[in-house]
Every structure is written in structure tokens, then in C-alpha cells.
Participant: 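Below: one structure in C-alpha cells.
Just so you know, residue 1 is the first one in the sequence shown, and it goes up from there.
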Amino acid sequence: RAKADGRGTYRFFETGMDARAQARRLLEMDLRAALQRDEFQPYYQPIRDVASGRVVVFEALLRWNHPQRGLIAPINFIPLAEETGLIVQLGEFVLRSACTDAATWPDDVDVAVNLSPVQFRNPNLIASVTAALTVSGLPARRLELEITESVLLQNSEATLTTLHELRAMGVRISLDDFGTGYSSLSYLRSFPFDKIKIDRSFVSELATREDSMAIIRAVTGLGRSLGIVTTAEGVENDAQLELLRREGCTQAQGYLFSKPRPASDVALMLERPRLRASA
Ligand code: C2E
Ligand code: MG
Ligand code: MG
Ligand code: MG
């Protein structure tokens, strides 16, 4: 194949690989330094109870405050942090920060933290969750851990043990981005999740696609029957919120209420039902 493409093409391809590998190495060095320099910061996005409108949870969403490049979204550094294993340290930082911040919020407002599958495989996970709770003084019942289906695909015995250990501590477990991966109903049977987060893609198509509506109806119904809270992600307008309310979805999260903002804006987000200005 390489031969058929001709020598020029092949060499061009090699040069391209080199540049990419180099960019990757640079980003990796940058990531390590950023951890030392304290450039990471959790932002928080409110999740509201649909029936009462009350803020019940803030989800911690990591941002990299880069001195030259400005605010960097997780899609641009989490994958490399996962490949290099740096996500373990980064994840511990998020856990500690989120628990410490949440300990200063009203007692009926919880915090949700995303866990990477790599963190999940790390034997220190239970210890670092315990440490974050102990150091911050946050009661375990106020911490939610969000995992995606990909966690469940790997070594299910060990995964189930870890999930059960976390739950025994009093921490709650959410299934994030439900409907995007290899969504399997058997996951809901093999592990008692506390919450299902319906992926944003279904919510954004709510008004325009009947099949999205049908899926939301099915998942909220399933949640109700199984006693699992359902949260809709990516709610951006009143029409979507109204449809979700009608289907009995428990909670809603999205730009309609607020974008993720720094911890210093939590009081503001608790005060105002809507805060649409970007952050
Ligand atoms: P996620 O956990 O599903 O988080 C929700 C994402 O949707 C966030 O993107 C949030 O800003 C965005 N979002 C919320 N409401 C709306 C809306 O109404 N419209 C639109 N268009 N988007 C909305 P963000 O902050 O860029 O994070 C992306 C993903 O990165 C997260 O998806 C999560 O998988 C990952 N992530 C973020 N923080 C962490 C972290 O601390 N650790 C790990 N392992 N992953 C993280
Ligand atoms: Mg999440
Ligand atoms: Mg999600
Ligand atoms: Mg998502």
C-alpha cells in the first residue's frame, strides 16, 4: 500500500506522524507542568429538580487555565491524560477540590464528579475517594460519581466489586451519557445505579425527532419502575424542559439554567433560576 502510494506520499505521511507525535509529547510535558503549577480548576454546572426547580447537584467539569492558550475544555486534554496515566493524579485533584468546595455549600446540594475508566482500574480509587471525603468533611451521601458504560465493559467482576464498595461507603453512582455507548439493559440489572443521565444527543432532538422522544419516554419510565433517578443532559430551551417534565424526568441540566462556572459563582447559580450569560 505504501509503495503503491509512491515514495513522496509515504514520506509525507511519516513527517505528519512525526509532527503529531511531537505535538503529543509537548502537550504531555505541558500537562505535567500544569499539575505542578496548579492550572486546573473545576467548573460547576447546576442540575435542577424538574418538579420543584431547586438546584440539587452541581457537576464538576474540569478546565485547564493555560497561561498562553486560555481556558481549555476537557476534550482537548482528558484523552491524553488517560493515555499517559496522568488522569489518576488529575482525577484525585478534581475529587479533592470538588469535595472541599461542596463542603461549603448548603447541606441539601450535592456534587457530582466524573470518573475516567482509567481511574476506575486504579487500585487506589477507593482510598482516594475516602481521603477526599475525610479531608473535606463532606458526608459521603453528598457525593455522586459519574461513570460511563465503557467502565462496565472492562473486567466486570472487579468493576462490580469497586462499584459495590463505593456504594457501601454511601457514595452514589450515576451512569453518564446513557444511550451513546453499548447501552445495554443488562447493566441496569447487574448493578444498582442511583441515577441515569440521558445523553444530550437525545435531548437536543426531542422536539424534532419522534424516536428521541420515544427513547426519553422509555428511559424515564424505566427509571421510575426501577427507582432510579433520571437526569436529562443538555437542556437548552423551555420546550425541551416542558417535554421532560411531561415525561416525568427527575432532573435537568443544561445551558437553559447555566453553563459551567467557577466555584466562586455557585452562590449566584443557587440564587437565580437562570443564568444564561456565558462563562
Ligand atoms: P459529561 O460528563 O457528559 O459533561 C457534560 C458536558 O456537556 C460538559 O462538557 C458540559 O459543559 C456540556 N453541557 C452541559 N449542558 C449543555 C448544553 O445545554 N448544551 C451543550 N451543547 N453542552 C452542554 P465539558 O465540560 O466540555 O466536558 C466534556 C466531558 O469531559 C464530560 O462530559 C466528561 O466526560 C469529561 N470531563 C469533564 N470533567 C472531567 C473530569 O474531571 N474527569 C473526567 N474523567 N472527565 C471529565
Ligand atoms: Mg458527567
Ligand atoms: Mg454526561
Ligand atoms: Mg456527555
Side-chain angles (χ1 to χ4, degrees), residues 42-63 71 73-75 98 101-102 105-114 142 144 146 148 172 174-181 183 193-279:
Y43 271 41
Y44 294 98
Q45 186 179 34
I47 301 176
R48 288 183 179 268
D49 176 74
V50 171
S52 68
R54 193 174 77 79
V55 173
V56 282
V57 192
F58 282 101
E59 178 175 2
L61 294 158
L62 193 59
R63 297 293 181 265
L71 212 58
I75 182 73
D101 288 337
W105 305 341
D107 190 58
D108 56 0
V109 180
D110 302 335
V111 69
V113 175
N114 292 284
R142 289 183 58 201
E144 283 177 11
E146 299 192 358
T148 53
R172 275 163 303 132
S174 304
L175 189 50
D176 204 353
D177 301 338
F178 188 75
T180 52
S183 301
F193 286 97
D194 298 282
K195 180 185 286 193
I196 298 171
K197 297 191 77 175
I198 306 170
D199 191 67
R200 180 169 92 223
S201 55
F202 300 105
V203 177
S204 64
E205 295 170 345
L206 247 185
T208 50
R209 287 187 56 166
E210 272 183 27
D211 47 358
S212 288
M213 187 70 233
I215 287 169
I216 296 226
R217 179 167 298 154
V219 178
T220 53
L222 198 63
R224 242 188 328 278
S225 326
L226 295 173
I228 303 175
V229 169
T230 46
T231 300
E233 300 185 316
V235 181
E236 295 185 349
N237 59 53
D238 287 297
Q240 291 164 348
L241 183 62
E242 192 40 48
L243 286 169
L244 291 163
R245 191 194 318 275
R246 216 180 298 160
E247 294 309 326
C249 187
T250 328
Q251 303 176 347
Q253 169 180 17
Y255 293 171
L256 174 65
F257 303 125
S258 174
K259 286 193 170 178
R261 288 168 166 265
S264 53
D265 283 345
V266 159
L268 198 67
M269 291 188 275
L270 283 171
E271 256 167 48
R272 301 206 202 147
R274 290 189 190 178
L275 214 58
R276 301 178 76 168
S278 72

Participant: Would you sort out whether V111 and Y44 count as a side chain to side chain contact (heavy atoms under 4.5 Å, CB included), showing the intermediate values?
Facilitator: CA-CA 9 Å; V111 69; Y44 294 98; 4.0 Å; yes
Participant: Run the numbers on L61 and N114 for side chain to side chain contact (heavy atoms under 4.5 Å, CB included), then give the verdict.
Facilitator: CA-CA 8 Å; L61 294 158; N114 292 284; 3.7 Å; yes
Participant: If you compare all heavy atoms of Q240 against all heavy atoms of N237, which two are closest, and at what distance to 0.1 Å?
Facilitator: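 Closest heavy-atom pair between Q240 and N237: N-OD1, 2.8 Å.
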Participant: If you count every heavy atom of other residues, nucleotides or ligands that lies below 6.0 Å from R245 atom CZ, does the total exceed 12?
Facilitator: yes
Participant: Would you mind telling me which of K259, Q253, R261 makes a side-chain hydrogen bond (donor to acceptor under 3.5 Å, both in side chains) with Q45?
Facilitator: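 One option only clears the test, and that one is Q253.
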Participant: Is any side-chain heavy atom of V219 closer than 4.5 Å to a side-chain heavy atom of F202?
Facilitator: no
Participant: Check for a donor-acceptor pair, side chain of E233 on one end and backbone N or O of R200 on the other, with a separation under 3.5 Å.
Facilitator: yes
Participant: I'd like to know whether E144 forms a side chain to side chain contact (heavy atoms under 4.5 Å, CB included) with V57, so could you lay out the CA-CA distance, the side-chain angles of the two residues, the decisive distance to 0.1 Å, and finally the verdict.
Facilitator: CA-CA 9 Å; E144 283 177 11; V57 192; 3.7 Å; yes
Participant: Side chains of D49 and S52: donor-acceptor distance under 3.5 Å anywhere?
Facilitator: yes
Participant: Check this for me: does any side-chain nitrogen of one of D238 and R274 sit under 4.0 Å from a carboxylate oxygen of the other?
Facilitator: yes
Participant: Could you measure the distance from the CZ atom of F178 to the CG atom of L222? Nearest 0.5 Å is fine.
Facilitator: 7.0 Å
Participant: Write down the atom of C249, the atom of A232, and the distance for their closest heavy-atom approach.
Facilitator: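 Minimum heavy-atom contact is SG-N, 3.8 Å.
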Participant: Quick one: does R48's side chain have a donor or acceptor within less than 3.5 Å of a partner on G53's backbone?
Facilitator: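 Yes; at least one donor-acceptor contact below 3.5 Å.
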Participant: Can you find a pair of side-chain heavy atoms, one from I216 and one from L206, that are under 4.5 Å apart?
Facilitator: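 In short, these two side chains touch, coming nearer than 4.5 Å.
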Participant: Should the pair E59-K197 be classified as a salt bridge under the 4.0 Å nitrogen-to-oxygen rule?
Facilitator: yes
Participant: Once you round to the nearest 0.5 Å, how far does CG of L244 lie from CD of Q251?
Facilitator: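 These two atoms lie 12.0 Å from each other.
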Participant: Restricting to non-hydrogen atoms, name the atom on R224 and the atom on G248 that form the minimum distance, rounded to 0.1 Å.
Facilitator: NH1-O, 3.6 Å
Participant: So does E247 get a backbone contact from the side chain of T220, meaning a donor-acceptor N/O pair under 3.5 Å?
Facilitator: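 The answer is yes, because a donor-acceptor pair under 3.5 Å joins these two groups.
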Participant: Just by distance, do the side chain of R142 and the backbone of V109 share a donor-acceptor pair under 3.5 Å?
Facilitator: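 Confirmed, R142 side chain pairs with V109 backbone.
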Participant: Return the minimal non-hydrogen interatomic distance between A112 and E146, and the atom names on each side.
Facilitator: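 Closest approach of A112 to E146, heavy atoms only: CB-OE2, 3.5 Å.
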Participant: Say you draw a straight line from CD1 of I196 to CG of D176; how long is it, rounded to the nearest 0.5 Å?
Facilitator: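 I196 atom CD1 to D176 atom CG measures 12.0 Å (nearest 0.5 Å).
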Participant: Give me the atom names and distance for the closest heavy-atom approach of T148 to L175.
Facilitator: C-CD1, 4.1 Å
Participant: Specify the closest pair of heavy atoms between D110 and W105, including all atoms of both residues, with the distance to one decimal.
Facilitator: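 Nearest heavy atoms, D110 then W105: O-CZ3, 3.7 Å.
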Participant: Check whether any side-chain heavy atom of S174 lies under 4.5 Å from a side-chain heavy atom of T231, and answer yes or no.
Facilitator: no
Participant: Within the structure provided, determine whether M269 and V55 are in side-chain contact (heavy-atom separation under 4.5 Å).
Facilitator: no
Participant: Are any side-chain N or O atoms of T250 and backbone N or O atoms of T230, one a donor and one an acceptor, separated by less than 3.5 Å?
Facilitator: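 Yes: the side chain of T250 pairs with the backbone of T230.
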Participant: About how many Å separate OG of S258 and CG of D265, when rounded to the nearest 0.5 Å?
Facilitator: 8.0 Å
Participant: V229 and D194: side chain to side chain contact (heavy atoms under 4.5 Å, CB included), yes or no, with the steps?
Facilitator: CA-CA 6 Å; V229 169; D194 298 282; over 6 Å; no
